[in-house]
Amino acid sequence: MLDIKMLRDRPDHVRERLATRHGGDEARLEELRALDERRRAAVSEVEQLKSQRNSASKEIGALMGQKKLAEAEARKAEVRTLGDRIAALDRTVAESEAARDALMLTLPNLPHASVALGREAADNPEVRRYGAPATFDFTPRNHIELCERLSLIDFARGAKLSGSGFLLYTGWGARLERALIQFLLELHTTEHGYTEVAPPYIIGEHCMVGVGQFPKFKDQAYAVQEGLDASTMGKLYLLPTAEAPVANIHREEILPAVRLPVRYCAYSPCFRAEAGAAGVGTRGMIRVHQFDKVELIKITTPETGYAELEAMVGNAERVLQLLGLHYRVINLCTGDMGFASAKTYDIEVWAPGQGAFLEVSSCSNTEEFQARRMNLRYKDASGENRFPHVLNGSGTALARLFVALIETHQQADGSIAIPEPLRPHLRADRIPA
RNA sequence: GGAAGGGUGGCUGAGUGGUUAAAGGCACCUGACUCGAAAUCAGGAGAUGGGGCAACCCAUCCGGGGGUUCGAAUCCCUCCCCUUCCGCCA
C-alpha cells in the first residue's frame with residue numbers, strides 16, 4: 001500500500017511512477033483523491049461535533065451530581081439532536097474510508113528510481129552471468145526423458161492422482177528433492193544467517209492481502225473450505241509461496257530497532273492454480289500446480305533495505321554456484337515487476353535440455369509497501385514508529401532447480417552426477433542409471 | 001462438536017455507566033543523591049488520525065463489529081481468539 005500522504009502531497013509523482021508499470025491507474029487515482037477529500041471533510045466536521053457532545057456530557061454528569069435534574073434533562077435534549085448528525089457523519093466517514101482503502105489495496109508499488117523503464121520481459125537488463133552452458137560429448141536428454149528412464153518422477157500417476165500439473169516423485173527422485181530441501185535450509189541457516197521457520201501451509205486471507213497477493217491475484221490461489229461448509233469459504237488459502245505466512249509473522253507488531261534486520265528462511269510447498277496458463281509449457285515440471293521452495297524473508301530499516309537485497313540475491317546465487325549450475329541475474333524492468341515490489345532481481349538457471357534459462361529465484365524489496373498493508377512497524381532510535389523494508393526472495397524454487405540439476409549433470413551412461421555439496425544430504429555421489 | 005472461564009497499556013493486574021488514557025506492581029526514560037553503579041526519592045512516558053511555527057489542542061482506541069444512552073472498558077447482541085474439561089481423531 002502506498003502512503004496516502006504521498007498521494008495527497010505529490011499526486012503527479014505517484015501518477016508518473018505508476019505509469020511506468022502498466023498505466024491505467026488514472027481513473028482510480030482521481031476517484032481516490034475524491035474519496036479521500038470526502039472522508040477528510042466529514043472527519044473534521046464530526047470531530048468538532050463530538051467535541052461539543054463530550055463537553056456537554058461532562059456538564060450533564062456534573063449537574064446530576066448536584067441533583068439539578070431538571071437542568072440535566074434539558075441539556076440531554078439538546079445534545080440528543082447532535083447525536084443524529086454525528087451518526088450520519090460517522091457513516092459517511094466509514095463508507096468513504098472503506099472505499100478509499102479498498103482502492104488503495106489495488107494500487108501497485110512505485111518502482112525504485114534505479115529500475116529500468118520497460119514494458120515487458122524483453123526489456124529486462126541482464127546484470128551478470130555465472131559459468132557457462134554445459135557441453136556434452138553425447139546427445140543429452142531433457143528432464144522428462146531422464147525422469148522417466150531413472151524413475152525419478154511418475155508423471156502419469158501424478159496426473160492420475162490429482163490431475164495434470166501434479167508430480168509424483170519416486171525413488172531417487174523423491175530422495176533428491178528431499179536432499180535439495182535439506183541442502184538449501186542448511187546453507188541459509190548455517191552460512192547466511194537466516195533463522196529457520198516452518199509455517200502453516202494454509203494461510204488466512206488477511207495475510208494474503210498483507211503481502212499483496214490479494215485482492216489482485218485471488219484467482220491464482222487455491223481456496224479451501226471446511227468439508228462442505230460453504231460459509232468457511234474464502235477465509236483460508238493454500239500457500240502460493242512461504243512469503244505469505246513468513247513475511248506476516250510480525251504483522252501488527254512494533255519491533256524494537258535492535259531486532260533488525262530480521263532474517264527468516266522457510267521451506268514450504270507452493271500451490272498455484274495457474275488459471276489461464278493451461279497449455280503453456282504444461283508438459284514436464286517447468287510449470288506445475290504444486291512445487292517446493294525455500295523462501296528467504298528480511299525485515300530491515302529503510303537505510304539498509306537495498307544492501308540487504310543485494311546480499312539476498314548473493315545468498316540465492318550461492319545455491320547455484322555450489323551446485324555447479326550456469327545462471328544469469330536480471331533486473332526486472334518497471335513493466336515486468338510484481339505488484340508489491342519496488343525492485344526485483346530474477347535469477348535464471350540454464351537448463352540444457354530446454355536450451356533456455358529458467359527462473360528459479362525472484363528477490364524483491366517491497367520497501368514499505370507490504371509493511372503498510374500488514375501494519376508492521378519498528379521503533380527507531382529516536383523512539384519514532386516507522387515502517388521497515390520487507391524483502392522476499394526464493395532461495396530457491398525446487399522443481400526447476402531439479403530440472404537444471406539433472407539436465408546439467410547427466411552422464412553418457414545415463415546416470416546423474418551429484419555435485420559435491422549435495423552428496424552428504426543424498427548420501428550418494430550419483431543417481432545410478 | 002459439548003461445557004465452563006477468559007481477552008484491559010511493553011509485561012502483570014485493578015476497574016462493572018460520569019475528570020478513567022485508565023489504580024497498583026514490573027520493566028523503561030529523565031533528574032536528585034553517588035567517584036560511579038545499586039538502592040532510595042521526585043518526575044516522565046501509549047497508539048492512530050487531524051490542527052498549529054511551536055508550547056500545545058481536538059477526535060478515536062480497553063479482542064473485532066453492531067446496539068442502548070446525553071455519556072460505555074463498564075449494559076445488550078454478534079463474530080473472532082485463548083485456556084481448562086468432555087467427546088471424536090492423525
Side-chain angles (χ1 to χ4, degrees), chain A residues 1-9 32-33 35-102 104 198 200-210 224-237 245 248-260 262 368 371-388:
Chain A
M1 192 152 64
L2 301 177
D3 184 356
I4 187 76
K5 285 177 190 156
M6 181 164 62
L7 279 155
R8 285 174 199 149
D9 301 342
L32 194 55
R33 193 196 55 73
L35 283 167
D36 187 44
E37 269 180 25
R38 182 154 151 250
R39 192 197 77 96
R40 297 220 294 162
V43 163
S44 81
E45 190 181 346
V46 77
E47 287 193 352
Q48 208 177 331
L49 293 176
K50 282 181 178 176
S51 180
Q52 284 176 32
R53 185 178 68 182
N54 285 347
S55 49
S57 288
K58 262 182 196 172
E59 289 171 30
I60 291 170
L63 288 171
M64 291 181 69
Q66 298 162 33
K67 298 277 194 264
K68 297 180 180 170
L69 296 181
E71 261 179 76
E73 286 304 321
R75 291 293 276 143
K76 278 192 197 181
E78 284 174 42
V79 178
R80 209 166 329 204
T81 62
L82 279 181
D84 296 338
R85 293 192 57 200
I86 289 174
L89 283 167
D90 269 342
R91 272 193 298 278
T92 303
V93 171
E95 283 163 15
S96 48
E97 189 169 290
R100 181 196 71 179
D101 291 347
M104 290 283 287
Y201 299 157
I202 295 178
I203 189 74
E205 181 186 27
H206 59 297
C207 291
M208 293 288 267
V209 172
V224 298
Q225 70 175 21
E226 293 176 22
L228 297 176
D229 182 357
S231 74
T232 62
M233 193 61 181
K235 292 177 178 163
L236 294 171
Y237 295 83
N248 276 287
I249 286 175
H250 297 289
R251 77 187 335 267
E252 289 151 48
E253 293 181 26
I254 301 174
L255 298 171
V258 292
R259 283 202 54 186
L260 302 182
V262 170
E368 303 175 4
R372 277 210 166 77
R373 287 175 162 245
M374 299 186 288
N375 196 22
L376 162 63
R377 290 164 295 170
Y378 75 99
K379 201 175 275 291
D380 72 11
S382 64
E384 186 124 355
N385 293 332
R386 299 172 69 195
F387 291 107

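Just so it is clear: chains get the letters A, B, ... in the order the sequence lines come, proteins before strands, and each one is counted from 1.
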Asks: Work out how far the C1' atom of B:U83 is from that of B:U74, and round it to whole angstrom.
Replies: 24 Å
Asks: Roughly how many Å is it from OH in A:Y378 to C1' in B:A47, rounded to a whole number?
Replies: 18 Å
Asks: Would you say a side-chain N or O of A:N385 is under 4.0 Å from OP1 or OP2 of B:U48?
Replies: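 Indeed, a polar side-chain atom of A:N385 lies that close.
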Asks: Encode nucleotides 58-64 of chain B as B, S and - characters from 5' to 3', where the letter depends on protein heavy atoms closer than 4.0 Å: B to the base, S only to sugar-phosphate, - to neither.
Replies: BSS----
Asks: Figure out the CD/P separation between A:E73 and B:C70, and round it to whole Å.
Replies: 9 Å
Asks: As a check on the pairing definition, encode RNA chain B in dot-bracket form, counting Watson-Crick and G-U wobble pairs whose two distances are under 3.5 Å, and using | for partners outside this strand.
Replies: ((((((((.[[[..)..(.....]]].(((((.......))))).((((((....)))))).[[[[[..)....]]]]])))))))....
Asks: Hey, does A:K379 reach any base, or is it just sugar-phosphate, or nothing, if we go heavy atoms under 4.0 Å?
Replies: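 It contacts sugar-phosphate atoms only.
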Asks: Rounded to whole angstrom, note down the C1' distance from B:C53 over to B:A14.
Replies: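 Going atom to atom, C1' in each nucleotide, I get 42 Å.
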Asks: What integer number of Å spans the P atoms of B:C29 and B:G18?
Replies: 37 Å
Asks: Quick one: label A:R75 by what it contacts on the DNA or RNA (base, sugar-phosphate, nothing), any heavy atom closer than 4.0 Å.
Replies: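 If one applies the 4.0 Å heavy-atom cut-off, A:R75 turns out to touch nothing in the nucleic acid.
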Asks: Got a sec, which residues hit side chain to side chain donor-acceptor pair (under 3.5 Å) with A:R40, two or more places apart in sequence or on another chain?
Replies: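 Listed in chain order: nothing, the list is empty.
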Asks: Would you indicate whether A:Q225, at its atom CD, is surrounded by more than 12 heavy atoms from other residues, nucleotides or ligands within a distance under 6.0 Å?
Replies: yes
Asks: Determine the interatomic distance between P on B:U30 and the same-named atom on B:A39; round to the nearest Å.
Replies: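 Their P atoms lie roughly 15 Å apart.
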Asks: Given atom CZ of A:R39 and atom P of B:G49, what is their separation to the nearest angstrom?
Replies: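 So the CZ-P distance, A:R39 to B:G49, works out to 10 Å.
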Asks: Please give the distance between the C1' atoms of B:C11 and B:C28 as a whole number of Å.
Replies: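 Comparing C1' positions in B:C11 and B:C28 gives a spacing of 12 Å.
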Asks: Expressed in whole Å, how much space separates the C1' atoms belonging to B:G6 and B:U20?
Replies: 23 Å
Asks: Going through the distances and angles, do A:L35 and A:M104 end up as a side chain to side chain contact (heavy atoms under 4.5 Å, CB included)?
Replies: CA-CA 11 Å; A:L35 283 167; A:M104 290 283 287; over 6 Å; no
Asks: Evaluate the side-chain proximity of A:L255 to A:L376: yes if any heavy-atom separation is below 4.5 Å, no if none is.
Replies: yes
Asks: Distance-only, no hydrogens or angles: does the A:R251 side chain make a donor-acceptor pair with backbone N or O of A:H206 under 3.5 Å?
Replies: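 The answer is yes, because a donor-acceptor pair under 3.5 Å joins these two groups.
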Asks: B:U48 P sits how many Å from A:L376 CG, rounded?
Replies: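 After rounding, the gap between these two atoms is 13 Å.
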Asks: Does A:V209 offer a backbone N or O that forms a donor-acceptor pair with the side chain of A:R373 under 3.5 Å?
Replies: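 Answer holds: yes.
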Asks: Please give the distance between the C1' atoms of B:G5 and B:G63 as a whole number of Å.
Replies: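 It works out to 16 Å between them.
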Asks: Check whether any side-chain N or O of A:T92 sits under 3.5 Å from a backbone N or O of A:A88 as a donor-acceptor pair, and report yes or no.
Replies: yes
Asks: Test A:R75 against A:E71 for salt bridge (charged side-chain N to carboxylate O under 4.0 Å, His left out), laying out the working first.
Replies: CA-CA 6 Å; A:R75 291 293 276 143; A:E71 261 179 76; over 6 Å; no
Asks: Tell me whether A:R39 is salt-bridged to A:D101, with the criterion being a basic N under 4.0 Å from an acidic carboxylate O.
Replies: no
Asks: Between B:A47 atom P and A:E253 atom CD, what is the distance in whole Å?
Replies: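 Value for this atom pair: 16 Å.
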Asks: Figure out the CD/C1' separation between A:E205 and B:C80, and round it to whole Å.
Replies: 14 Å
Asks: Under the criterion side chain to side chain contact (heavy atoms under 4.5 Å, CB included), I'd like the reasoning laid out for A:L7 against A:I4: C-alpha separation, chi angles, the key distance, then a yes or no.
Replies: CA-CA 5 Å; A:L7 279 155; A:I4 187 76; 4.3 Å; yes
Asks: Using a 3.5 Å distance criterion without hydrogens, assess whether the side chain of A:S57 forms a donor-acceptor pair with backbone atoms of A:N54.
Replies: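 No, A:S57 side chain to A:N54 backbone: no donor-acceptor pair under 3.5 Å.
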Asks: CZ of A:R372 versus C1' of B:U48: gap in Å, rounded?
Replies: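 Going from CZ in A:R372 over to C1' in B:U48 covers 14 Å.
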Asks: Distances under 3.5 Å between protein N/O atoms and the N/O atoms of nucleotides 18-21 of chain B, please, pair by pair.
Replies:
from	atom 1	to	atom 2	distance (Å)
B:G18	N2	A:S57	O	2.9

Asks: At their closest point, which heavy atom of A:A257 faces which heavy atom of A:D380, and how far apart are they?
Replies: CB-CA, 4.2 Å
Asks: Without decimals, in angstroms, what is the distance between A:N375 CG and B:G49 C1'?
Replies: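 So the two atoms are 13 Å apart, to the nearest Å.
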Asks: When you compare B:A54 with B:A47, how far apart are their C1' atoms, in angstrom units rounded to a whole number?
Replies: 23 Å
Asks: Please give me every residue in residues 81-97 of chain A whose heavy atoms get under 4.0 Å of an atom in RNA chain B, ordered by residue number.
Replies: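 The answer is none.
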Asks: My understanding is that only residues two or more places apart in sequence, or in another chain, count here; which of them pass side chain to side chain donor-acceptor pair (under 3.5 Å) with A:R85?
Replies: A:E45
Asks: Any donor-acceptor pair under 3.5 Å linking the side chain of A:S51 with the backbone of A:E47?
Replies: no
Asks: On RNA chain B, nearest-nucleotide positions of A:R40 versus A:R377: which is more 5'?
Replies: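 Its nearest nucleotide being more 5', the pick is A:R377.
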Asks: Evaluate the side-chain proximity of A:R100 to A:R38: yes if any heavy-atom separation is below 4.5 Å, no if none is.
Replies: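 With C-beta onward as the side chain, the pair stays apart.
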